[in-house]
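First the structure, in the form of structure tokens, and then the observations on it.
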Number of protein chains: 2
Amino acid sequence: MSDSQGEEVRGLALFATMGDVNFKALMRGTYVQNFPPRIDLIHENEPADFLHVVLSGAVDLFSQWNRRETSMATVRPVSTFILAASISDLPYLMSARTLEKSRIALIPSQDVRRMFAADTAFATAIAAELANSYRTVVKNTKDLKLRTSLERLANYLLRQSRTRGAPDFDLTTEKKRLASFLGMTPENLSRAFRALEPHGVKVEGSHITITDPQGLARYAKPNPLIDDYST
Amino acid sequence: MSDSQGEEVRGLALFATMGDVNFKALMRGTYVQNFPPRIDLIHENEPADFLHVVLSGAVDLFSQWNRRETSMATVRPVSTFILAASISDLPYLMSARTLEKSRIALIPSQDVRRMFAADTAFATAIAAELANSYRTVVKNTKDLKLRTSLERLANYLLRQSRTRGAPDFDLTTEKKRLASFLGMTPENLSRAFRALEPHGVKVEGSHITITDPQGLARYAKPNPLIDDYST
DNA sequence: CGTCCTTTTGAACATTGTCAAACACTGTGG
DNA sequence: CCACAGTGTTTGACAATGTTCAAAAGGACG
């Protein structure tokens, strides 16, 4: 991979602290590929041969069982996915497909495991990343088990509004996929948007306006231990 | 803590590989406490001062939001809980209470973080443990999102039967808590048990007999990427 | 302009939760 | 040992939530 691409990877907390020589060695086996939209990158149950880094575009992590499918997460630049499988040398638990045209760096899992053993700073960063991933999934589970779908949507909108820093914004994802991520059907999501109108939400296509942030928050009751990604 | 108690902790994969001196140093700050049943050990949002190790008994991890409560996991000997919070020096995401009389070792999080930086083998073991925890929660999320409550119960019973190595067994947990863990109400669980009868499940109080394992499996469609804890 | 897919809407249905009551089980104190 | 309280479990009736199916409307794109 080129040096400029290497810089993008190096900027990640996961790779920022490791030794220079080790990082270069890791990049030696790494290659970057461009993918069109809607391409399957990996499929659950396959051996985790590569740690993936999304450099640009967006990737959907999803799972299937018994002809049902659910969206588990969206990965946006610059970040990695399926680190746990790579480190553990176990099969992927989730599948991944590009949502848009994407540039992905592929780091051989074997090299990751080797560097993990060789470079203490890298090992530390990996543990921090895994701890963070774990806490994110736990928060997601709490969201799913403690809230109704309407409450999940309300809190999702508040989170979006906060990360964008504005009371109005465009949805970054298809409503169909948002529904799947929130654990409901598209039909139910459509009705949920309607049901949030009296709580201060206006929907025009994919453009959302939170007309009454306090009112929506009063209904949604956001909680740092579910809705804050930083803690 | 005494040496014999130290041995129990040492037996855990998490502590088995670290240096002897480091392990002893870690145990120096550790103390063991006995708790009666139904005692709150930690509460979500508190600072993660201690890594907990269940030496005997059983501990329920649960979360609350807006006057609702859900059981997230049961921790049985010998294993640790809230490692991610300890390592990250972030508040607990879950609360914990004893289910039975329990013996718990409390390891100061500060010491854990110090040893994590000092002992490479320990750091490796921590990353492995975190990766494993992450994958467990992902499997749990797939269970929740891809299956109905009836399917979750059926698969739960198959998992129990498999880990006990017998087609009949006693439930290790109250039905009320099992319901909460599976993401349903006690009433719904009671009816779910009834609904599984035609699929080969007999319920007498807390004693479960799987009269038709193949039939139940045909209905439950167990999947290694959801139901196997080892992969 | 037509085609494909997403989104929305309506109606029927299924699943799950709520409330109330009865029953079972456990442990306590008389 | 029994009465009793407290809690967990089960059952029934009903309400709320969510899904399915069908169809129409809206958008994206060749």
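Nothing here was measured: the structure is a model prediction, and the numbers come from that model. In what follows, chains are A, B, ... by sequence order, proteins preceding strands, each numbered from 1.
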Subject >> Side-chain donor/acceptor of A/Glu187 to base of D/dC21, under 3.5 Å >> reply: yes
Subject >> base_contact_polar (C/dG10 base, A/Arg191 side chain, donor-acceptor, <3.5 Å) >> reply: yes
Subject >> Any side-chain heavy-atom pair of B/Leu55 and B/Val78 under 4.5 Å >> reply: yes
Original post:
Is there side-chain contact between B/Ile107 and B/Met27, with at least one heavy-atom pair below 4.5 Å?
Top reply: yes
Spacing between [X] atom [atom1] and [N] atom [atom2], to the nearest angstrom:
{"X": "A/Glu151", "N": "C/dG17", "atom1": "CD", "atom2": "C1'", "result": "13 Å"}
{"X": "A/Glu174", "N": "C/dC5", "atom1": "CD", "atom2": "C1'", "result": "9 Å"}
{"X": "B/Leu150", "N": "C/dT16", "atom1": "CG", "atom2": "P", "result": "7 Å"}
{"X": "A/Asn188", "N": "C/dT8", "atom1": "CG", "atom2": "C1'", "result": "13 Å"}
{"X": "A/Leu99", "N": "C/dT6", "atom1": "CG", "atom2": "P", "result": "12 Å"}
{"X": "A/Arg194", "N": "D/dT17", "atom1": "CZ", "atom2": "C1'", "result": "18 Å"}
{"X": "A/Phe193", "N": "C/dT6", "atom1": "CZ", "atom2": "P", "result": "16 Å"}
{"X": "A/Leu189", "N": "D/dT17", "atom1": "CG", "atom2": "C1'", "result": "15 Å"}

**OP:** Over 60° means perpendicular and under 30° means parallel, so classify the ring planes of B/Tyr31 and B/Phe50, tilted if in between.
**Re:** perpendicular
Consider the side chain of [X], meaning its heavy atoms from C-beta on, and name the nucleotide among [options] that approaches it most closely.
{"X": "A/Met184", "options": "D/dT19, D/dT11, C/dG17", "answer": "D/dT19"}
{"X": "A/Lys176", "options": "D/dT9, C/dT8, C/dT6", "answer": "C/dT6"}
{"X": "A/Thr185", "options": "C/dC19, D/dT19, D/dG8", "answer": "D/dT19"}
{"X": "B/Arg38", "options": "C/dT9, D/dG8, D/dT9", "answer": "D/dG8"}

Original post:
Given C/dT16, is OP1 or OP2 found less than 4.0 Å from the side-chain N or O atoms of B/Ser149?
Top reply: yes
Original post:
Are there more than 12 heavy atoms of other residues, nucleotides or ligands under 6.0 Å from atom NZ of A/Lys176?
Top reply: no
Subject >> N-O pairing of A/Glu100 and A/Arg76 below 4.0 Å >> reply: yes
